[in-house]
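Worksheet: one structure, shown below.
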Number of protein chains: 2
Amino acid sequence: MALKYALLGLLTKNEATGYELNQQFKETMIHFWSAHHTQIYRQLVKMEEEGLVSSQVVHQVDYPDKKIYRLEDKGYDTLLQWLLSKEILPSNLKNDLLLRVSLFQLIPPDEAIAFLERAKEQHMFGHGLMEKWRDSHFPEGQFNQGDLGEYLTSEFGKRYMQHWIDWCDWAIHVIKRTKEKGSDEE
Amino acid sequence: MALKYALLGLLTKNEATGYELNQQFKETMIHFWSAHHTQIYRQLVKMEEEGLVSSQVVHQVDYPDKKIYRLEDKGYDTLLQWLLSKEILPSNLKNDLLLRVSLFQLIPPDEAIAFLERAKEQHMFGHGLMEKWRDSHFPEGQFNQGDLGEYLTSEFGKRYMQHWIDWCDWAIHVIKRTKEKGSDEE
DNA sequence: TGAACATATGTGAAAATACACATATAAACT
DNA sequence: AGTTTATATGTGTATTTTCACATATGTTCA
């Protein structure tokens, strides 16, 4: 259901092809959403059937023909209604990494620490990417009204990465301390 | 796929029925996983077919009969293999709330602020629950080796909630400041 | 010369997840 | 007397998401 709104949301900025929308997912919405390209194409077809968007086929000589999707009034109304609805569902977090962490008592402490080091590195990399993205999009923290959402969510993404990094440090420390107390092995 | 490992993981602690596993999801794994009860029952049947778990029907007089699932060696091996695998996939975050935030430029600032206030409250509530849970499970920060995973993930959950709360405060402040600058309306 | 990559759109099938509904019984609440 | 809550397990169906694969063409790299 939410993919529909994500696509409508992207189309409020510019008309775009399915291919481009897939790119935008990877580039700017990566912090809080993702979708397989086949799903995007299928969802767009459905949305056109519902009259939320319209498409126009553009013939190309060098490349395959493309279909440019444009937001229709009905689509905009549908999106606005969702955005203004009062219900706010608790977000159900699903995270593979944490599932593995929750079972750390089953593996040797060194393996657990190695896992956390890798997780930390990954999130440090993510943090770096996000900082770069922010610096290029919002130099000196300046942003336009039209970019409010991106400004807020990219800060969320950066902080989320930092939260992961800090927690990894803490968790590594806890395991090392436990290891010392628990046995004399080096 | 991950649901399989989540269930195997829970069964390393105790044998349990599908009903109990559903309870445990709601109680202790809520910070990083969730599943509909029908999905749990179906997954357990599949896992029994694969020989990862075995079940025993227990007749009850007052209540409906129940099926107690127990972890088999093959299930434990499968779980361990997963836990020790080196591949660590970047977790793909999907969050409805952030999707809405990313489109804040489309709604009035007051609506955006109201949304963030509600989101903040919700995460403060979540933070409180988690703190209570931690205090009752790990008084004075003490934990047993067998609870390492829960100790680490519950700290993650608490910090995650705090991260949300802090970000909400920041975002509300940003919007209020923008509102002042952008217009003279009260 | 062949492989990989970018452009562009999809189908068929499987897996994961959720929703509505069904079946039982007993206690507790209103 | 009727509703809700708790105990317990599911089926049928729909939706969501992913995976493998297919079709085209032009450019770039090894």
Side-chain angles (χ1 to χ4, degrees), chain A residues 1-8 15-27 29-30 32-50 53 55-69 82 87 89-96 99, chain B residues 1-8 14-27 29-30 32-50 52-53 55-69 82 87 89-96 99:
Chain A
M1 194 80 310
L3 174 61
K4 183 165 95 176
Y5 300 114
L7 292 171
L8 289 174
E15 49 182 33
T17 65
Y19 189 86
E20 286 165 344
L21 290 167
N22 187 40
Q23 301 300 314
Q24 287 171 40
F25 263 106
K26 283 195 221 154
E27 280 156 30
M29 297 180 96
I30 195 68
F32 58 91
W33 213 263
S34 69
H36 201 264
H37 78 277
T38 57
Q39 200 192 347
I40 292 173
Y41 286 119
R42 265 191 263 249
Q43 187 66 44
L44 286 168
V45 169
K46 221 191 236 173
M47 284 159 68
E48 189 168 18
E49 280 166 9
E50 292 174 44
V53 298
S55 73
Q56 189 194 349
V57 176
V58 175
H59 180 66
Q60 296 192 121
V61 181
D62 293 356
Y63 296 102
D65 293 353
K66 63 181 176 182
K67 256 167 91 179
I68 299 176
Y69 285 92
W82 179 70
E87 63 158 354
L89 305 149
S91 46
N92 62 327
L93 184 40
K94 288 204 180 185
N95 193 297
D96 272 33
L99 182 55
Chain B
M1 195 80 308
L3 174 61
K4 183 166 96 176
Y5 300 114
L7 291 171
L8 289 173
N14 288 299
E15 50 182 32
T17 65
Y19 188 85
E20 286 164 345
L21 291 167
N22 188 40
Q23 301 300 314
Q24 286 171 42
F25 264 108
K26 283 196 221 155
E27 279 155 30
M29 298 179 96
I30 195 67
F32 58 91
W33 212 263
S34 69
H36 201 264
H37 78 277
T38 58
Q39 201 193 344
I40 292 173
Y41 285 119
R42 265 191 262 251
Q43 187 65 44
L44 286 168
V45 169
K46 220 191 237 173
M47 284 159 67
E48 189 168 19
E49 279 166 10
E50 292 173 45
L52 304 176
V53 297
S55 73
Q56 189 194 349
V57 175
V58 174
H59 179 66
Q60 296 190 121
V61 180
D62 292 355
Y63 296 103
D65 292 354
K66 61 182 177 181
K67 256 165 92 179
I68 299 175
Y69 285 93
W82 180 69
E87 63 159 353
L89 305 149
S91 46
N92 61 327
L93 183 41
K94 288 203 179 186
N95 193 297
D96 272 33
L99 182 55

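Every heavy atom of this structure was used, including side-chain atoms; hydrogens, water molecules and symmetry mates were not. Every chain is numbered from 1, with letters handed out A, B, ... down the list of sequences. Model, not experiment: these values are computed from the prediction.
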Quiz item: Does B/His37 have any side chain to side chain donor-acceptor pair (under 3.5 Å) partners at least two apart in sequence or in another chain, and if so, which?
Solution: none
Quiz item: What residues, two or more places apart in sequence or in another chain, satisfy side chain to side chain donor-acceptor pair (under 3.5 Å) together with B/Asn14?
Solution: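 In terms of side chain to side chain donor-acceptor pair (under 3.5 Å), with neighbours along the sequence ignored, B/Asn14 is linked to no residue.
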Check nucleotides 15-18 of chain C against the protein and report each pair of N or O atoms closer than 3.5 Å, with its distance, or say if there are none.
{"residue": "C/dA16", "atom": "OP1", "partner": "B/Met1", "partner atom": "N", "Å": "2.7"}
{"residue": "C/dT17", "atom": "OP2", "partner": "B/Gln39", "partner atom": "NE2", "Å": "2.8"}
{"residue": "C/dT17", "atom": "O5'", "partner": "B/Gln39", "partner atom": "NE2", "Å": "3.3"}
{"residue": "C/dA18", "atom": "N6", "partner": "B/Arg42", "partner atom": "NH2", "Å": "3.1"}

Quiz item: Between the two end axes of the helix from C/dT1-D/dA30 to C/dT30-D/dA1, each built from 5 base pairs, what angle do you get to the nearest 10°?
Solution: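 It comes to 30° between the two terminal axes.
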Quiz item: When rounded to the nearest 0.5 angstrom, what is the spacing between NZ in A/Lys94 and CG in B/Leu93?
Solution: 14.0 Å
Exercise. Nearest 0.5 Å please: distance from the CG atom of A/Leu7 over to the CD atom of A/Gln43.
Key: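 Output value for this atom pair is 6.5 Å.
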Self-check item: Within residues 34-50 of chain A or reaching into it, pairs that qualify as salt bridge (charged side-chain N to carboxylate O under 4.0 Å, His left out) - sequence neighbours excluded
Solution: A/Lys4-A/Glu50
Side-chain touch [X]/[Y], heavy atoms, less than 4.5 angstrom:
X: B/Trp33; Y: A/Asp96; answer: yes
X: B/Leu52; Y: B/Tyr69; answer: no
X: B/Val57; Y: B/Lys67; answer: yes
X: A/Val58; Y: A/Thr17; answer: no
X: A/Leu44; Y: A/Leu21; answer: yes

Atom pairs under 3.5 Å, N or O on each side, protein against nucleotides 6-9 of chain C: can you list them with distances?
{"residue": "C/dT7", "atom": "OP2", "partner": "A/Tyr19", "partner atom": "OH", "Å": "2.7"}
{"residue": "C/dA8", "atom": "OP1", "partner": "A/Gln60", "partner atom": "OE1", "Å": "3.3"}
{"residue": "C/dA8", "atom": "OP1", "partner": "A/Gln60", "partner atom": "NE2", "Å": "3.1"}
{"residue": "C/dT9", "atom": "OP1", "partner": "A/Lys67", "partner atom": "N", "Å": "2.8"}
{"residue": "C/dT9", "atom": "OP1", "partner": "A/Lys67", "partner atom": "O", "Å": "3.4"}
{"residue": "C/dT9", "atom": "OP2", "partner": "A/Tyr19", "partner atom": "N", "Å": "2.9"}
{"residue": "C/dT9", "atom": "OP2", "partner": "A/Tyr41", "partner atom": "OH", "Å": "3.0"}

